[in-house]
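A short worksheet on the structure shown next.
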Number of protein chains: 2
Amino acid sequence: MKWSELSDNWCPVARTLSVVGDRWTLLILRDAYLGKSKFEEFAESSGMTRHILAERLKRLVEEGVLERRLYSSAPKRYNYVLTDKGEELRPALRIMKDWGKKHMPVRREAKA
Amino acid sequence: MKWSELSDNWCPVARTLSVVGDRWTLLILRDAYLGKSKFEEFAESSGMTRHILAERLKRLVEEGVLERRLYSSAPKRYNYVLTDKGEELRPALRIMKDWGKKHMPVRREAKA
DNA sequence: TTCCCTGCGTTTTGTTTTGGAACTTATTGC
DNA sequence: GCAATAAGTTCCAAAACAAAACGCAGGGAA
């Protein structure tokens, strides 16, 4: 089965994952919960490539998890802010944060 | 940044996602929470290829989320059961289930 | 007015991962 | 011997990805 066919799965968990279950999307949400909203902020913080970031942001906007908002008209600049729908996933990330702290100690020092 | 470098990230969410944040792993956990434990059960329920399933199960065992257990010695058969560590992610899946029910209605009928 | 800078992406070029299907191994039952 | 079952493994083409360069619209400095 292809990943893209998951959005109409009978299982609500599967449908949720069809939006946020890929490699980088939940990391974007993490940054959004931390208050980040600009393309460059996401790019730097998460370490993902700009290519992938652009694609994921577009998808999250299409799905109504983020909203693309003009915050400067000249030059035109957009940022990405959480919708109510997006906010409602915050508790899931909190659980993952606690789980990571408890079960996934850092083995070697990472820079930043 | 490569996905594999995430396991030593400063952020506990990122470290958690380095284990369960890929396309299919959380679907395996969903099935485990529903009581499934055998390779064939996971394969059929999730619709993922056996190839990927085998890889993900191996990783989950390595990370201590599942335990590989001999349940038949002749012929040798193994199944996969949740550890305490694995159980502790259940609440995150529950949030995703509720979110999916609320925000991701099924658009067309999918077969099982 | 020529040049560099910032913010936000897009394109290009290889590498890695994935999907799909067939194959393997060990054992039981017919 | 022959099919069935369970748990993987192997192969190849297709898709996704990483890294880095490029594009573009304005701003500011020289």
Side-chain angles (χ1 to χ4, degrees), chain A residues 1-7 9 14 17-28 31-32 35-62 66-81 110-112, chain B residues 1-9 14 17-28 31-32 35-62 66-81 110-111:
Chain A
M1 188 202 270
K2 273 179 214 149
W3 184 253
S4 55
E5 292 166 28
L6 224 54
S7 56
N9 198 277
L17 290 174
S18 76
V19 179
V20 299
D22 81 283
R23 281 179 145 68
W24 297 108
T25 301
L26 286 171
L27 238 37
I28 295 177
D31 285 344
K36 299 191 202 308
S37 72
K38 295 181 193 161
F39 189 93
E40 297 298 329
E41 288 176 330
F42 291 123
E44 190 188 0
S45 163
S46 66
M48 82 185 82
T49 64
R50 322 166 64 67
H51 181 76
I52 301 297
L53 175 58
E55 199 176 73
R56 293 300 186 274
L57 285 174
K58 201 170 80 170
R59 177 138 175 71
L60 286 171
V61 169
E62 278 168 10
L66 297 179
E67 193 193 329
R68 189 169 186 255
R69 225 177 247 175
L70 190 74
Y71 74 91
S72 157
S73 48
K76 286 202 171 172
R77 295 275 183 266
Y78 297 90
N79 63 359
Y80 300 85
V81 298
K111 36 188 176 301
Chain B
M1 190 199 269
K2 274 179 212 149
W3 187 253
S4 55
E5 294 166 27
L6 222 54
S7 56
D8 287 301
N9 198 279
L17 291 174
S18 76
V19 180
V20 300
D22 82 281
R23 282 179 145 70
W24 297 108
T25 302
L26 286 169
L27 239 37
I28 296 177
D31 285 345
K36 299 190 200 309
S37 71
K38 295 180 192 160
F39 189 94
E40 298 296 331
E41 289 176 329
F42 291 123
E44 190 188 0
S45 163
S46 67
M48 83 185 81
T49 65
R50 323 166 63 66
H51 181 77
I52 301 297
L53 175 57
E55 200 176 73
R56 294 299 185 275
L57 286 174
K58 202 171 79 173
R59 176 137 175 74
L60 286 170
V61 169
E62 279 168 10
L66 297 178
E67 193 193 329
R68 189 167 184 257
R69 228 178 243 174
L70 190 73
Y71 75 92
S72 158
S73 48
K76 287 203 171 171
R77 295 274 183 267
Y78 297 91
N79 64 1
Y80 299 86
V81 297
K111 34 188 180 302

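Here is the naming used below: chain letters follow the sequence lines, and residue numbers restart at 1 for every chain. Remember, it's a predicted structure, so these values are computed and weren't measured experimentally. Both backbone and side-chain heavy atoms feed into the values below; hydrogens, waters and symmetry mates do not.
Here D:dA18 presents its C1' atom at 14 Å from CG of A:Leu53, a figure rounded to the nearest Å. Per the geometry, CD belonging to A:Glu41 stands 15 Å off P belonging to C:dT6, to the nearest Å. Between the C1' atom of D:dG8 and the CE atom of B:Met48 lies a distance of 14 Å, rounded to the nearest Å. Summarising the geometry, the separation between NZ on B:Lys58 and P on D:dT10 is reported as 10 Å, rounded to the nearest angstrom. At whole-Å resolution of the value, CD in B:Glu44 and P in D:dA7 are 12 Å apart. Counting to the nearest Å, the P atom of C:dT17 and the CH2 atom of A:Trp3 are 17 Å from each other. Distance, B:Arg69 CZ to D:dA7 C1': 18 Å, rounded to whole Å. Separating the CD1 atom of A:Ile52 from the P atom of C:dC8 is a distance of 19 Å, rounded to the nearest angstrom.
Scanning for salt bridge (charged side-chain N to carboxylate O under 4.0 Å, His left out) contacts around B:Asp22 gives B:Arg56, with sequence neighbours left out. Applying the salt bridge (charged side-chain N to carboxylate O under 4.0 Å, His left out) test to B:Arg59 and every residue at least two apart in sequence or in another chain returns B:Glu63. Residues passing the side-chain hydrogen bond (donor to acceptor under 3.5 Å, both in side chains) test with A:Thr49: none are found, sequence neighbours excluded.
Residues A:Val81 and A:Leu66 form no side-chain contact, since every pair of their non-hydrogen atoms from C-beta on lies 4.5 Å or further apart.
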Kindly give the atom pairs (protein nitrogen or oxygen, nucleotide nitrogen or oxygen) under 3.5 Å for nucleotides 20-29 of chain C.
| from | atom 1 | to | atom 2 | distance (Å) |
| --- | --- | --- | --- | --- |
| C:dG20 | OP2 | A:Met1 | N | 2.7 |

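If you check every strand for non-hydrogen atoms under 4.0 Å, A:Arg56 touches sugar and phosphate atoms only. Across all strands shown, B:Glu55 has heavy atoms under 4.0 Å from sugar-phosphate atoms exclusively, and none from any base. Counting any heavy atom pair closer than 4.0 Å across all strands shown, B:Phe42 reaches no nucleic acid atom.
Listed by first and then second residue, the salt bridge (charged side-chain N to carboxylate O under 4.0 Å, His left out) pairs that reach into residues 35-45 of chain B are B:Glu40-B:Arg50, sequence neighbours excluded.
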Derivation and outcome, side-chain contact (heavy atoms from CB on, under 4.5 Å), residues B:Ser46 and B:Asp31: CA-CA 8 Å; B:Ser46 67; B:Asp31 285 345; 4.0 Å; yes
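Dashed line: the shortest gap from a side-chain N or O of A:Trp24 to OP1 or OP2 of D:dA18 is under 4.0 Å. Considering only side-chain N and O atoms, A:Tyr71 lies under 4.0 angstrom from the phosphate OP1 or OP2 of C:dC8. Residue A:Tyr78 has no polar side-chain atom (N or O) positioned under 4.0 Å from OP1 or OP2 of D:dA25.
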Donor-acceptor pairs under 3.5 Å, side chain of residues 72-80 of chain B to any protein atom, not counting sequence neighbours: which ones?
| from | atom 1 | to | atom 2 | distance (Å) |
| --- | --- | --- | --- | --- |
| B:Ser72 | OG | B:Pro75 | O | 2.8 |
| B:Asn79 | ND2 | B:Ser37 | OG | 3.3 |
| B:Tyr80 | OH | B:Arg68 | NE | 3.4 |

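Mapping A:Arg68 and A:Arg23 onto DNA chain C via the closest heavy atom, the residue that lands nearer the 5' end is A:Arg68.
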